[in-house]
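Here the structure is a predicted model, which means the values were calculated and not measured. Labels below follow one simple rule: chain letters A, B, ... track the order of the sequence lines, proteins then strands, and each chain is numbered from 1.
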Amino acid sequence: MNTPLVAVAIGFVTVCATIAVLTREPVRQAVVLAAMGLGLSVLFAVLQAPDVALSQLAVGTALTPLLILLTVRKVSRRSTAGSRPGAGGADRDDGTGR
Amino acid sequence: MPTATLLPLAVAIPLFGAVLLAVAGRVLPRTGCDVLATAVAVGDVVCLALLWPHTHGVATAPLGGWPAQVGIVLAADRLGAGLALLAACLVLAVVVYSWRYFDEPSGERAGVFPAMVLLFEAGMVGFALTGDLFNAFVFFELMGATAYALTGYRIEDPRPLQGALTFGVVNSFAAYCSLLGIGLLYARTGQLNLAALGRGLAGHRTDLLVVTAFVLVITAMLVKAAVVPFHFWLPDAHAVAPTPVCMLLSGVMVELGVYGIARIHWTVFSGPGGVPDDAFRRTFLALGVLTALTGAAMCWQQRHLKRMLAFSTIGHVGLFVVGIALLTPDGTAGTALYVAAHGCAKAALFGLTGVLLDRYGSVDEPGLYGRARELRLVGVLFVIGALALAGLPPFGTGLGKGLTEDAAGHGHPWLPAVFVVVSAVTGGTVLRAALRIFWGFGETPRPRPGEPETTGEGEEPEIRGPRRALPPMMVAVPAALLAGCVLLGCVPAVARALAGGAGTFTDPAAYRAAVLGPAAAATAHPGTPGPVPDAWTGAGVLLGLLSAALAVALAVLATTRPPTWHRAIGATARGLRRLHSGHLGDYLAWLALGVAALCAVIAAQT
Amino acid sequence: MSARARLLMFAAAAIVIGVFYGVASAETPSFGRASHPYGDRAVAASLAHRTANVVSSVNFDIRAFDTLGEESILFGTVLGATLLLRLARDERRRPAASERVLPTTRLFGVIWLPVALVVGVYIVAHGQLSPGGGFQGGVVLATALHLGYIAADYRVLEKVRPLAVLDVADSLAAGAFTAMGLAGLAAAGAFLKNVLPLGTFNEITSGGTVPLLNAAVGVEVASGVIVLLAHFLDQAVEITGNDEPEEAR
Amino acid sequence: MGPWPYLAAGWILLVALYGLVTSRNLIHAIGCLAVAQSSTYVLLLSVGYRRGGTAPVFSDLRPGSRPVVDPVVQALALTDVVVGATVTALLLALTIQLRKRHGTVDPQALTGLRG
């Protein structure tokens, strides 16, 4: 009875992982990562691992994306200051990726 | 004290010390933190020294009172305990070396840096002593996480941050590969204990599952050991880390990777159902030789002193891999001694480079040309370190090299030549730099514009504030380390103990019996008994003298007549240098290529 | 290396790795099989120590040494972040500006903050009985506190977040794990041995040292994650370089 | 299900490696590293699954009444989750500082170390 659920959850996680890798823009990647964390939690729950599901929910959907978003905020805020001397290619790439 | 106490204490002491420093560092002045850190480091050295006499066979400590089938067991033989002891000694040296080295890291938190060093120590000691594969992964990650942070310590300088990031990403990815491999092994055997894993594999034939799991598990160790083509992160990280951290990274952390390969192979994959001896031997001999030659060739090309030393570490790691790939007790014994002596010599050389950085704010060979004439003592020590690197008797490096060459020469007469060439080139490069920097030998080196290279100029100094006298510990510690290197070569008891330990190390039956109980030993194939050579031989002394003489000749040639033949070598080496691009994507692509090639090569031989 | 060469090299390697891994997967015992020797031994060991949640028992009793290493990694990371995200010589701290918060947002935070705190404590406390434990509860506790940031503004968060205390708590909890291991060594001759009375199965005090280690991890994770997030928030909100214009948020 | 859960883990690792190799932004690369790590959880928990098994928690389950899935791999995955989160945090901290000093987070633009 569990097998279809497992298959769906694994499929979802695999697709999310692929999209997360192909999403080159960190903010959107963080959102996909959060979705993937959620998918992983569901997968772990159907694999009868509630402990891991809980911590994945806390870490994968909340903590890691939050840290990434805070980093992006810090990193992209600096770009308004203009490029520093000797920082090659700084003005071309504003830290948000392409 | 019984081994069940000493083994966990060796990990618990630095962990507890780190906590003490993190808390006490908020109120204690800098001196108090240094004293506390030194006391903890001494405590761990004492603990491991007390453990040493108990390691005739394999000393075990079942944690939590659980047997190996259920819980985690710490298991130490001479080589594991010896490596842990080396790590503890180098940590003590580093803590003493940095007594007055750094300026205050962040004002109020003087204890954070030594606390991180102690956590790093706990990771290394735990990795060397554990008898459980997943536990080894955990301590591998502890070692890694603290090392990344320590490497990026100088946040005012851009290059350490880049080096630390490359280091962190490549190592973490490799660790995840290993964990996948652990998962595959667990699926096959349902075990995590090394000895139990070895026994569990014996029930099946060697199939692609075992080969793939072996390669994946070993990937993290290959990256840590900086075996070509997994080595690219190492020069980037070692060239930029703070000097005391470099002493640990090059002195012992890289060697722990080699130890991990040997330990996992012998305990898990050496029996039936594992990786055949011939496949392992051929593959890792080739990898070792490739690594050694690449390291030596790249070392010769460097002008950034720390990067030069980092590539010389890669060259020597290649020799260590050759030593363990022989799969004989005498090769393993020689390598063990070589690792210990090399750790002392390399840490001493990094420490002396730190003096240059402190005095002149540069680690650039041409930039420092002739400038350090007043540091005569440092210069003499630097030359001694270079000769130790070249394997001159009576240094421990010479004895270790001689013993390993002896073991290698039995089946492969051309291998000693590799040892001589690699140690001569790496020693000669360091000697060349010493002659130029401390004595102004030869003519002023000309700049080489347009070449892909890292200069050692414009380093952020590691010390700020008014000009001060050179802290005596910054010279005393390297001198003591070099003395230790001599002692390793001159005190026969050390070599004898390691030779005995190598016999146990290469005997999976003994390990299995110690960890799982005597009944378990029957399934393992017996080790090769017989005395392991442990003393200087005529051939060893001669080859040591030869490589030292070659090193001197190379250094003198390089300083007196640089242009013509140096340019010829430079042209051929430029392609190799281009590959060291500093680009994270390149490094990971190389890692993927390495994993794929290893899979294919080992599968073809089974 | 050019991007193209790099990609080609990766593609070739990935195909080989994929083939090997694929064959290995086919040779791996099939998904959902009945034989789990180590798992069965762990269940028996956990029941022998009267711990209802076997995963907690594995984490805090049977393989507690793994968790000691893991907690040390967390401790090291917090120290490392302290080291790496310190104020550089050319930076200064600028107090965060006060912010206007929508009343509904404030209400959301005010209501959820206590709920999240209670849930976090509950998850930590019942670690040896039900799913969850020190780690999961600790993260929930740490996240709960940051609802304060949503509800009010950064200055309020800074007030309810005694960083120095939390930092010390993080260290002490990490030390407590080691200390309990040493207590086992002193009392019963084995590091991390479960020396306390095991209690009655399925009660909150059951499992000997498991609830204590669990609580230590809960404290460490909660305070460690708060400190970690604080360093990141400080970077994002308060710390500016000299060359950086002060901008209104 | 056959070997599909294991294959999914392998796919996730390789696709993450592809992202790492081609990344033009270090924050994206660190996100890919987090993806790579999730492959290990998927593999570990799949290996420990037992058909018809239930969670290894006996607070409302009589011991021995039903088969349970392997609790050891769950503990390993739990440890792994923490390790992954902390390493990610550390690498992001390094990225923040690198951006300040280098002015870029594009690995292709970092040329301070080569040769």
Side-chain angles (χ1 to χ4, degrees), chain B residues 134 137-138 141-142 144-145 148-149 151-152 155-166 168-169 171-173 175-180 182-184 186-187 190 192 235-237 239-240 298 301-302 304 307 451-454 574 577-578 580-589 591-592, chain D residues 6 9-10 13-14 16-24 26 29-30 32-34 36-48 70 72-73 75-77 79-80 83-84 86-91 93-103 105 107-115:
Chain B
F134 185 77
F137 165 80
V138 171
E141 283 282 14
L142 177 60
Y148 317 148
T151 304
I155 56 170
E156 277 86 8
D157 191 358
R159 290 191 291 189
L161 298 162
Q162 185 193 344
L165 253 170
T166 311
V169 173
N171 270 264
S172 304
F173 185 82
Y176 303 152
C177 288
S178 277
L179 196 50
L180 272 192
I182 294 174
L184 291 178
Y186 187 83
L192 290 171
D236 289 3
V240 296
M298 287 298 294
Q301 299 293 318
Q302 299 304 315
H304 185 294
R307 208 171 158 84
E451 295 223 9
E453 67 180 353
T454 305
R574 198 165 299 145
R577 297 177 61 175
R578 284 252 157 77
H580 296 79
S581 55
H583 186 274
L584 182 62
D586 284 358
Y587 293 2
L588 285 158
L591 184 147
Chain D
Y6 313 143
L13 185 84
L14 282 179
L17 183 55
Y18 166 76
L20 279 165
V21 167
T22 57
S23 184
R24 297 295 306 271
L26 282 169
I30 294 165
C32 290
L33 201 61
Q37 205 192 10
S38 50
S39 74
T40 60
Y41 321 146
V42 173
L43 181 78
L44 282 174
L45 291 180
S46 307
V47 161
D70 193 332
V72 176
V73 289
L76 304 189
T79 306
D80 193 18
V83 171
T86 54
V87 169
T88 307
L90 213 46
L91 293 177
L94 283 167
T95 310
I96 288 181
Q97 297 293 14
L98 185 71
R99 174 70 176 83
K100 285 185 201 161
R101 302 296 152 191
H102 252 301
V105 287
Q108 315 249 10
L110 299 173
T111 53
L113 297 165
R114 56 193 174 144

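Inter-residue side-chain proximity for Leu161(B) and Arg101(D) is flagged as met; some heavy-atom pair is nearer than 4.5 Å. Tyr186(B) is listed as a side-chain neighbour of Asp70(D), based on a closest heavy-atom distance under 4.5 Å. Contact annotation: the side chain of Val169(B) never approaches that of Leu26(D) to less than 4.5 Å [non-hydrogen atoms, C-beta and beyond]. With contacts defined as side-chain heavy-atom distances shorter than 4.5 Å, the pair Phe137(B)/Thr79(D) does not qualify.
In this structure, CG on Leu94(D) lies 8.5 Å from OG1 on Thr151(B), to the nearest 0.5 angstrom. To the nearest 0.5 Å, the span separating CG on Leu584(B) from CZ on Arg24(D) amounts to 12.5 Å. Considering OH of Tyr6(D) and CG of Leu180(B), their distance stands at 13.0 Å, rounded to 0.5 Å.
Within the 4.5 angstrom heavy-atom criterion, no atom of Ser46(D) approaches chain B. Residue Leu591(B): no heavy atom, backbone or side chain, is found under 4.5 Å from chain D. Heavy atoms of Leu43(D) lying under 4.5 Å from chain B belong exclusively to its side chain. Residue contact with chain B, scored on non-hydrogen atoms closer than 4.5 Å, involves the backbone and the side chain of Leu76(D) alike.
Comparing Leu588(B), Asp236(B), Leu165(B) by how many heavy-atom pairs each has under 4.5 Å with chain D, the most go to Leu165(B). Taking chain B as the reference chain and counting heavy-atom pairs below 4.5 Å, the highest number among Thr22(D), Val47(D), Thr86(D), Leu14(D) is found for Val47(D).
Here the closest non-hydrogen pair linking Gln162(B) and Leu98(D) is N-CD1, 3.5 Å. Heavy atoms only, all atoms of each residue included: Leu90(D) and Ala145(B) are closest at CD2-O, 3.2 Å. Between Leu17(D) and Ala592(B), the shortest heavy-atom contact is CD2-CB, 3.7 Å. Gln97(D) and Ile155(B) get closest at one heavy-atom pair: NE2-CD1, 3.7 Å. Residues Val87(D) and Ser172(B) share a closest heavy-atom pair of CG1-OG, 3.4 Å.
In this structure Ala36(D) satisfies the side chain to side chain contact (heavy atoms under 4.5 Å, CB included) test together with Phe173(B), Tyr176(B), Leu13(D), Ala16(D), sequence neighbours excluded. For Ser23(D), the side chain to side chain contact (heavy atoms under 4.5 Å, CB included) partners at least two apart in sequence or on another chain are His28(D), Ala29(D).
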